[in-house]
Every structure is written in structure tokens, then in C-alpha cells.
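Heads up: the structure comes next, in C-alpha cells.
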Amino acid sequence: MSFREIAQIAGSAMNAQSLRLNTVASNLANAQTAATSEDQTYHARKPVFATVFRGGFDEPVGASVQVLDVVQSTEPLRKAHEPDNPAADANGDVFYPNVNSVAEMTDMMEASRAFETNVDVLSKVKSMQQSLLRLGEN
Amino acid sequence: MGINFNKDLDVHSDALRLRAERTRVLASNIANESTPGYQARDIDFNAAMQQLEQGGDTTSPGVEDSAIGYRVPNLPRADGNTVELGVEQAAFSQNAEDFQTSLTFLNMKIKGLSRAIEGN
């Protein structure tokens with residue numbers, strides 16, 4: 001039976017989703033962090049997920065999730081004229097991160113829902129395994 | 001008169017094993033819900049069962065390739081992922097119940113045999 005592998009698959013998905021939540025938290029936390037130049041400004045981070053087929057593509061075995069990389073968003077930064085800001089450059093301009101708060105919030109909801117779905121899978125598989133262990137008992 | 005455990009328990013133990021295999025495939029679909037380009041798969045239970053019935057190799061752990069197919073999504077997504085969480089969750093929970101059913105049948109078989117052995 002393949003229950004151990006199912007637990008690993010669900011675990012990999014939970015790991016990926018919690019990393020996604022991690023980037024969302026970083027993005028939201030730094031959404032208002034102004035900086036002097038474009039290079040110094042925080043860029044929104046996004047994880048890249050990929051499928052790992054366990055034991056070959058053609059076999060009916062499971063597919064777990066792998067986080068390939070965390071990439072930085074290439075969206076343009078928001079430039080604001082704030083001469084009073086300590087971080088302002090010679091022209092009195094500062095740069096704000098390219099974090100889209102609304103998109104981050106929806107991403108957060110999707111990640112947490114996906115996480116919970118995998119927790120449900122895990123607990124269901126656990127109960128299946130336990131009933132299998134009780135096979136033959138009265 | 002001998003009791004052939006393999007023969008008597010065959011159908012239900014095969015069904016149980018297929019259900020466990022299918023659980024794994026469905027769990028993979030749910031796990032890859034947000035992976036771009038992932039294509040959801042499923043086991044055709046009927047076809048896989050028939051393959052086992054037709055003297056298939058019952059010791060091999062896997063299911064034949066021909067019994068595995070790709071899910072046709074109701075609504076294609078822009079990132080090429082064909083997992084629809086509602087569909088997968090429904091299939092997963094139905095499959096888990098079917099697993100319990102097979103398990104119950106198997107249990108009844110075993111109980112019947114043990115009653116025959118004890119003779120009361």
C-alpha cells in the first residue's frame with residue numbers, strides 16, 4: 001500500500017504552500033518600505049512551483065510539489081516625490097516596492113486554503129490506514 | 001474441502017489495492033493544485049479492475065498504463081493546470097468511502113471464514 005508516499009506528497013504540498021505564505025507575509029510587511037534607489041528597493045517575491053513525478057512520468061505513481069526558486073517581480077516600482085523623507089534622493093524622490101496588496105491578499109487566501117486541503121488529505125489517509133490496521137478485528 | 005484464501009479474498013483485496021493507488025493519484029492532483037502546467041490524472045477503476053481480473057500480475061505494485069488517463073477540465077485555466085479542487089475533493093472523498101466499503105467487505109469475508117473455522 002502506498003500510504004507513506006501519500007503522506008510525503010501531501011507534506012511536499014504543505015511545505016510549498018507555507019513557503020508561498022512566507023513570501024506573501026514578506027511582501028505585505030515590506031509593502032511600504034521606501035528606499036533611495038531602484039536597486040535598494042524591495043521587490044515583490046514569488047515562489048515558482050514545479051511537479052516532481054515519483055518513479056517516472058508514465059507510471060501511476062504520485063506527483064509531489066517542489067519549489068524551484070523564489071523570483072523577484074519585474075513590475076515597475078512606484079516612484080513618489082517626498083522631499084521630507086529621510087530616504088529621498090537629490091531630487092526628493094523615493095521608490096516604493098512593487099507589491100500589489102490586493103493580489104497578495106488573494107494569494108494568501110488561496111495558499112491557506114490549499115494548505116488546509118492537504119491537511120484534510122493527510123488526516124483522511126491516516127484514518128484509512130488505521131482502519132486497514134484494524135482489518136480482521138472484531 | 002480446502003479454503004483458498006487468495007481466491008476467496010481476491011476481488012476485494014484487488015479493489016482495496018486499486019482504491020489505495022487511486023488515493024495516491026488524487027492526492028497528487030490536490031497537492032499540485034497551484035503548480036503551473038500540471039495535468040490532473042485519474043485511474044479508470046473499471047479498466048484497471050478488468051486488467052487484474054484477466055489474470056494480470058497481481059504481485060506488481062502498480063496499475064497498467066492504459067488504465068490511467070488525464071482529467072478533462074470543465075474550465076481551462078490560463079496557466080495550463082487542469083486541477084479543479086472541487087472535482088478532486090469530491091473524487092477523493094468518494095474514493096475514501098469506497099476504500100472503507102472494500103475494507104468492510106474484506107472484514108466480512110474474514111469473519112465468515114473465522115466463524116467457519118471455529119464452528120459456532
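So you know, we letter chains A, B, ... as the sequences are listed, proteins then strands, and number each from 1.
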> Looking at A/M128 and B/A96, what are the two nearest heavy atoms and their distance?
Replying inline: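 Heavy-atom minimum between the residues: SD-CB, 4.1 Å.
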> Do you know the tightest heavy-atom contact between B/S28 and A/G62?
Replying inline: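 So the two residues come closest at OG-CA, 3.1 Å.
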Does [X] share a hydrophobic cluster with [Y], counting links as ILVMFWY side-chain heavy atoms below 4.5 Å and allowing steps through other members?
{"X": "A/V48", "Y": "A/L19", "answer": "no"}
{"X": "B/I43", "Y": "B/V87", "answer": "no"}
{"X": "A/F3", "Y": "A/L122", "answer": "no"}
{"X": "A/F115", "Y": "A/V67", "answer": "no"}
{"X": "A/M14", "Y": "B/V83", "answer": "no"}

>> We want to know whether A/S131 and B/Q100 form a side-chain donor-acceptor pair, criterion being a heavy-atom distance below 3.5 angstrom.
In response: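 Checked: A/S131/B/Q100 side chains pair up, N/O donor to acceptor below 3.5 Å.
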> Does the side chain of B/S34 pick up a donor-acceptor pair with the side chain of A/Q17 at under 3.5 Å?
Replying inline: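 Judged by distance alone, the side chains do pair up.
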Which value, rounded to the nearest 0.5 Å, describes the distance between [X] atom [atom1] and [Y] atom [atom2]?
{"X": "B/R19", "Y": "A/L132", "atom1": "CZ", "atom2": "CG", "result": "14.5 Å"}
{"X": "A/E137", "Y": "B/I110", "atom1": "CD", "atom2": "CD1", "result": "11.0 Å"}
{"X": "A/E5", "Y": "B/T23", "atom1": "CD", "atom2": "OG1", "result": "12.5 Å"}

> Between B/E33 and A/R113, is there a salt bridge with N-O shorter than 4.0 Å?
Replying inline: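 Salt bridge flag = yes for B/E33 with A/R113.
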> So what's closer than 4.5 Å to chain B heavy atoms on A/Q66: side chain, backbone, both or neither?
Replying inline: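 The answer is neither part of A/Q66.
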> Heavy-atom distance under 4.5 Å to chain B: side chain of A/S64, backbone, both or neither?
Replying inline: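 Answer is backbone: N, CA, C or O of A/S64 sit under 4.5 Å from chain B.
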> Would one find more than 12 heavy atoms of other residues, nucleotides or ligands at under 6.0 Å from atom CD of A/E82?
Replying inline: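 Yes, the 6.0 Å shell around CD holds more than 12 heavy atoms from other groups.
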> Heavy-atom count around B/F105 CZ within 6.0 Å, excluding the residue itself: above 12?
Replying inline: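 Counting neighbours around CZ of B/F105, 12 or fewer heavy atoms of other residues, nucleotides or ligands fall under 6.0 Å, so no.
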>> Please determine whether side chain to side chain contact (heavy atoms under 4.5 Å, CB included) holds for the pair B/L26 and A/V121, giving the CA-CA distance in whole Å, both sets of side-chain angles, and the decisive distance to 0.1 Å.
In response: CA-CA 9 Å; B/L26 295 174; A/V121 168; over 6 Å; no
> Within a strict 4.5 Å, meaning less than it, do heavy atoms of the A/V125 and B/F99 side chains meet?
Replying inline: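 When only atoms from C-beta onward are counted, B/F99 and A/V125 do not touch, as no gap falls below 4.5 Å.
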> Taking the side chain as C-beta and beyond, is there a heavy-atom pair between A/I9 and B/I30 under 4.5 Å?
Replying inline: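 A/I9 does not reach B/I30 side chain to side chain.
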> Does A/A25 have any side chain to side chain contact (heavy atoms under 4.5 Å, CB included) partners at least two apart in sequence or in another chain, and if so, which?
Replying inline: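 Residues passing side chain to side chain contact (heavy atoms under 4.5 Å, CB included) with A/A25: none at all.
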> What is the ring orientation for B/Y38 with A/F53, classed by angle as parallel under 30°, tilted 30 to 60°, or perpendicular over 60°?
Replying inline: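 Correct class here is parallel.
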> Of the backbone (N, CA, C, O) and the side chain (C-beta and beyond), which part of B/E88 lies under 4.5 Å from a heavy atom of chain A, both, or neither?
Replying inline: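 For B/E88, there is no contact with chain A at all, as no heavy atom is under 4.5 Å.
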> Would you find a donor on one side and an acceptor on the other, under 3.5 Å apart, between the side chain of B/N107 and the backbone of A/L135?
Replying inline: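 It does not hold such a pair.
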